[in-house]
Amino acid sequence: MRGRTAHAIARLTANARPAPSAFICVVRAFAVFSASPRGRKACPRIRLETTTMDAKPGPDLERMRHSCSHVLAAAVLKLFPDAKLGVGPATDTGFYYDIQTTVPLTTEDLPKIEAEMRKIRERKLPLVRSEVPVKDAVAFMEKTGQSFKVELLELLATRGSTAAKGLDDPNLVDAGAGGVSSVSFYTLGDFTDLCRGPHVEHTGQVGAFKLTKLAGAYWRGDSRNPQLTRVYGTCWANEQDLKAYLHRVEEAEKRDHRKLGAAMGLFHLQEEAPGTVFWHPKGWTLFRTIERYMRTRLEADGYVEVKTPQLVDRVFWEKSGHWANYRDAMFVAKPGKEGEEEDRLYAIKPMNCPGAVQIFRQGQRSYRELPLRLAEFGACHRYEPSGALHGIMRVRAFTQDDAHIFCTEDQVPAESRKFCDLLRVIYKDFGFADLLVKFSDRPELRAGSDETWDKAEAALEAGSKAAGLETIRNPGEGAFYGPKLEFVLRDAIGRDWQCGTLQVDFVLPERLDASFIGEDGAKHRPVMLHRAILGSFERFIGILIENYAGRLPTWLAPIQARTVPIADRHAEFAREVARRLMASELPQTDGGIRVDVDDSTERMQKKIRNAQLEQIPYMLVIGDKEQAEGRVAVRLRSGKDLGSMAIEDVIARIKAEVGTRTDIVEPAAETAKTT
RNA sequence: GCCGCAGUAGCUCAGGGGUAGAGCAGCGCAUUCGUAAUGCGCGGGUCGGGGGUUCAAUUCCCUCCUGCGGCACCA
């Protein structure tokens, strides 16, 4: 968000419509749910809302959506009179209501509920607010059997807030010390709900809506509580906006890395290996390109690379604390003949840090070696809950761009700063400019004393200050061994992805007894910084695919150019051109330009179509003319025709794009169909 | 893990108590073509696995697996 003008944001968020020339920009701070699959944790952020000056006057969207959730609840109660209601707030695109019914709701009920909702809208029922003493409110909800509402009322009476923890419900948070003595009710026909409001005046003002999905949701977000059925809907000012939204959802689906990744031939997943990726040649080329790039950056920044074992005795994990905290999520192995397995139980590493400590512990370390930056492209396995798996974004086997920096407490600020600088350069190279940083402090379940945590949090605070970061507090979300900074980047369609992390750890060096000899000749404990920039390669590649909608910049594209001979007699020259491109040495890579030849018997038009669909940056067409002149006709995937070019000029251009990691933008390059 | 939904050819999808069909892709032949689909032909499926009901199951029921959308989780 930073560094963007309000106008740019308006354009980003204006549903692909041109940005209005005049608009009002309202800045509001409130809790929004992050779209990051890292979790839909509440992530407070400044949000810009834009409204056009010439926008039609009408009820505020959020208010309308909130009212729409009441309409939903009223409709459900009409159809299922014994339904118990949970909470029903507005969301970024609509609303939901959590409902418990004796017979579970199914998707077949949705059209019926929708029809009932329309009836309510047509009747233009007023939404009437009333102030009610808590005692009376409880009596009313008890009488109507709304036990969840009674629970909410009790929370309001004692705490003045219904928030489960922290900032988790933007619509119900009204945090204030102490309880309240009265609450507000809203009545809509014969349906009365506990609600803070505000609402539209009557149900006729509820715009175009559609119920979109059903899902289970734990009461008050706690898996120990009963699960209610959450009915999701979307709601817009008018039919046109609703249609535009549904269209946008469809467009976003086309970016889905699972679909694109398969279509681009990058990888596949299959039943027998849930949550693990089969990388195909093109996908692995992309993976290695990123790995090579990271290695170059890390080496330049004073890291040394290591590799630690996959399988380590459980005793080791007990020592590190992982066994106690994460045993359920670890894969274990007992080798040996069936019935005669070895006594020792091994676990596949879920993290790289204990391994890194072992390397640090070998021999006697001196303060002169610090800071020691041990990088590892470590492959970790975690038995993630089945419901969490998602394409290659959330998997059970993944490769981290991990590193552990062993240093003194005094070195933490400088190392933090150095890390943040590196992180920013790398994100920029991948095309991400927007960055948000969260500061996660001590969780409830943790290792180490409070004094240690005080020290660690203070050190990280100093580090983030040294790096010049503005951070957002994320209470209780630190790792069990230390507090962390979390780096969130924003993609081309405004979604947030948490990727990087920097964690200060005083605990593991202690537990695993790491030490160095200081200037004073005495033994000291090092501080350990855990850090990652991409997070996991698998997830980051998924993010890249979605961010670029498959159209990876030339430096990352698995195939950068394809020669397209028009007829068989041009094939030999096409192969010759490809050989020349392959022989050209690209900057910062091991090889030449990644090029192939389409010498199939298809017509040229079909070959171009195929290259387009594969999002290949350069199509080098070769016919009689080109062959005679020793040149190629260059077409970009944007549809732009660069005309006839000398082969060395094509090579120079691709080299330039790879060298700067930025594609050359052609001004008139927008003729291509979007597919 | 929990709630809801889904699984039919490599892909997208149709069908339905009497053992399956389209388009694309693939293969073969013809075509040798100037910037997003040349024509003709051919092959391809234990209808996710297991169990049950039935004269008969891909279709109905149960169960398991996997995936999808959420919830919870995410060192």
Side-chain angles (χ1 to χ4, degrees), chain A residues 36-41 96 98 100 104-110 212-232 256 258-259 262-263 268-275 320-322 325-326 328-330 349-354 380 382-391 394 400 443 445-447 477-482 484 498 501 503 505 508 530 535-536 539 564-571 601-613 619-626 633-637 639-643 671-673 675:
Chain A
S36 152
R38 288 287 302 171
R40 293 178 61 84
K41 286 169 189 163
Y96 66 79
D98 287 347
Q100 190 178 55
L105 292 175
T106 72
T107 40
E108 281 158 31
D109 297 317
L110 293 184
T212 49
K213 55 198 167 196
L214 284 181
Y218 298 108
W219 170 238
R220 298 179 55 67
D222 190 329
S223 57
R224 290 166 300 189
N225 286 341
Q227 198 167 44
L228 314 191
T229 304
R230 179 167 295 179
V231 183
Y232 280 93
D256 192 319
R258 293 163 298 192
K259 277 189 105 69
H268 85 271
L269 299 148
Q270 68 185 47
E271 273 194 36
E272 293 86 344
S320 72
H322 290 85
N325 284 284
Y326 296 106
D328 291 351
M330 287 166 74
K349 70 171 171 185
M351 289 187 87
N352 306 303
C353 39
C380 297
R382 297 178 187 173
Y383 184 64
E384 300 283 3
S386 58
L389 302 180
H390 178 87
R394 187 82 186 268
Q400 291 178 312
L445 280 174
R446 58 179 182 263
E477 298 293 330
F480 75 87
Y481 48 71
K484 58 186 180 182
Q498 186 178 307
T501 182
Q503 309 170 1
D505 181 2
L508 260 193
H530 305 240
S536 99
R539 180 158 173 278
V564 177
I566 290 176
D568 285 352
R569 62 180 178 280
H570 310 122
T601 59
E602 295 294 346
R603 293 173 66 202
M604 183 210 43
Q605 285 90 332
K606 181 62 176 287
K607 294 181 184 182
I608 287 183
R609 180 181 148 84
N610 287 341
Q612 269 313 140
L613 293 175
M619 287 159 250
L620 310 177
V621 180
I622 291 159
D624 289 334
K625 208 161 33 149
E626 287 74 22
V634 181
R635 177 192 161 106
L636 303 179
R637 59 187 159 180
K640 173 84 178 172
D641 185 354
L642 296 185
T671 47
K673 284 182 208 166
T675 38

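Reckoned from all heavy atoms, side chains included, excluding hydrogens, waters and symmetry mates. All chains are named by letter (A, B, ...) in the order of the sequence lines, taking the proteins before the strands, and each is independently numbered beginning at 1.
For the P atom pair drawn from B:rC47 and B:rG51, the interatomic distance equals 13 Å after rounding to whole Å. B:rU32 sits 24 Å from B:rC42 when the P atoms are compared, rounded to a whole Å. Comparing B:rG67 with B:rU31, their C1' atoms sit 43 Å apart, to the nearest whole Å. Taking atom C1' on both B:rA57 and B:rG18, the two are 10 Å apart, rounded to the nearest angstrom. Distance noted for atom P between B:rA9 and B:rG15: 15 Å (whole Å). B:rA22 sits 13 Å from B:rG41 when the P atoms are compared, rounded to a whole Å. Rounded to whole Å, the C1' atom of B:rU19 lies 8 Å from the corresponding atom of B:rU58. Spacing of P atoms, B:rU63 relative to B:rG4, comes out at 12 Å, to the nearest Å.
Residues A:G478 and A:G391 each lie close to RNA chain B; by heavy-atom proximity, the contact nearer the 5' end of the strand is made by A:G391. With RNA chain B read from its 5' end, the first of the two nearest nucleotides for A:D641 and A:T107 is the one closest to A:T107.
Here the shortest heavy-atom pairing between A:E384 and A:L389 reads CB-CD2, 4.1 Å. The two atoms that bring A:E626 and A:V621 nearest to each other are CG-O, 3.6 Å, heavy atoms only. Considering every non-hydrogen atom in both A:Y232 and A:A215, the closest pair reads CE1-CB, 4.2 Å. Considering all non-hydrogen atoms of both residues, A:L214 and A:T107 come closest at CD1-N, 3.5 Å.
Spacing between atom OH of A:Y232 and atom P of B:rC5 amounts to 17 Å, rounded to whole angstrom units. In this entry the distance linking CG of A:N225 with C1' of B:rC2 reads 13 Å, nearest Å. Note: NZ (A:K259) to P (B:rG69) measures 11 Å, nearest angstrom. The nearest whole Å value for the distance from the CE atom in A:M619 to the P atom in B:rU35 is 14 Å. Straight-line distance from the CZ atom of A:R609 to the P atom of B:rA37: 7 Å, rounded to whole Å. Residue A:D109 contributes atom CG, which lies 13 Å from atom C1' of B:rC5 at whole-angstrom precision. We find that CG of A:D256 is positioned 9 Å from P of B:rC68, with the value rounded to whole Å. Rounded to whole Å, the distance from CG on A:L269 to C1' on B:rG48 is 16 Å.
Using a 4.0 Å cut-off, no side-chain N or O of A:K607 falls inside it from OP1 or OP2 of B:rG34.
In this structure, A:E108 reaches neither bases nor backbone, as no heavy-atom distance under 4.0 Å exists between it and the strands shown. Within the nucleic acid shown, A:R258 comes within 4.0 Å of sugar-phosphate atoms alone, with no base atom in reach, counting heavy atoms only. Within 4.0 Å of A:A263, counting heavy atoms only, lies no atom of the nucleic acid at all. Here A:A633 lies in heavy-atom contact (under 4.0 Å) with a base.
Nearest nucleotide to the A:H390 side chain, out of B:rG69, B:rA75, B:rC71: B:rG69. When the nucleotides B:rG4, B:rA75, B:rG67 are ranked by their closest atom to the side chain of A:P274, B:rG67 comes out on top. The nucleotide whose nearest atom lies closest to any side-chain atom of A:T106 is, among B:rA75, B:rA36, B:rG4, B:rG4. In the set B:rG67, B:rA72, B:rG69, the nucleotide with an atom closest to the side chain of A:A215 is B:rG69.
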Scoring nucleotides 24-33 of chain B by protein non-hydrogen atoms under 4.0 Å (B base, S sugar-phosphate only, - none) yields -S-----BBB

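A:K484 NZ to A:D505 CG: the interatomic distance, rounded to the nearest 0.5 Å, is 12.0 Å. Residue A:C353 holds its SG atom at 8.0 Å from CD of A:Q503, rounded to the nearest 0.5 Å.
Under the rule for a side-chain contact (heavy atoms from CB on, under 4.5 Å), the partners of A:Q400 that lie at least two apart in sequence or sit in another chain are A:N352, A:C380, A:R382, A:F398, A:D402.
In this model, a side-chain donor or acceptor of A:Y218 finds a partner on the base of B:rG1 within 3.5 Å. Side-chain N/O atoms of A:R230 and base N/O atoms of B:rC3 include no donor-acceptor pair closer than 3.5 Å. Side-chain N/O atoms of A:R394 and base N/O atoms of B:rC73 include a donor-acceptor pair closer than 3.5 Å. For A:Q227 against B:rG4, a side-chain-to-base donor-acceptor contact under 3.5 Å is absent. Side chain A:E384 to base B:rC74: no donor-acceptor pair is found below 3.5 Å.
In this structure, A:H530 and A:Y481 have parallel ring planes: the angle between them is below the 30° cut-off, well short of the 60° mark.
With centres under 5.5 Å and a plane angle under 30°, the ring of A:Y326 is stacked against the base of B:rA75.
Under the 4.5 Å side-chain criterion, counting only non-hydrogen atoms from C-beta, A:I566 is not in contact with A:I622. Side chains of A:Q612 and A:R635 form a contact here, defined as non-hydrogen atoms less than 4.5 Å apart.
Counting only Watson-Crick and G-U wobble pairs whose two distances sit under 3.5 Å, RNA chain B takes part in these stems of three or more pairs: B:1-7 with B:65-71, B:10-13 with B:21-24, B:26-30 with B:38-42, B:48-52 with B:60-64.
Salt bridge A:D222/A:R220: absent, no basic N to carboxylate O contact under 4.0 Å.
Residue-environment remark: CD (A:Q270) exceeds the threshold of 12 foreign heavy atoms within 6.0 Å.
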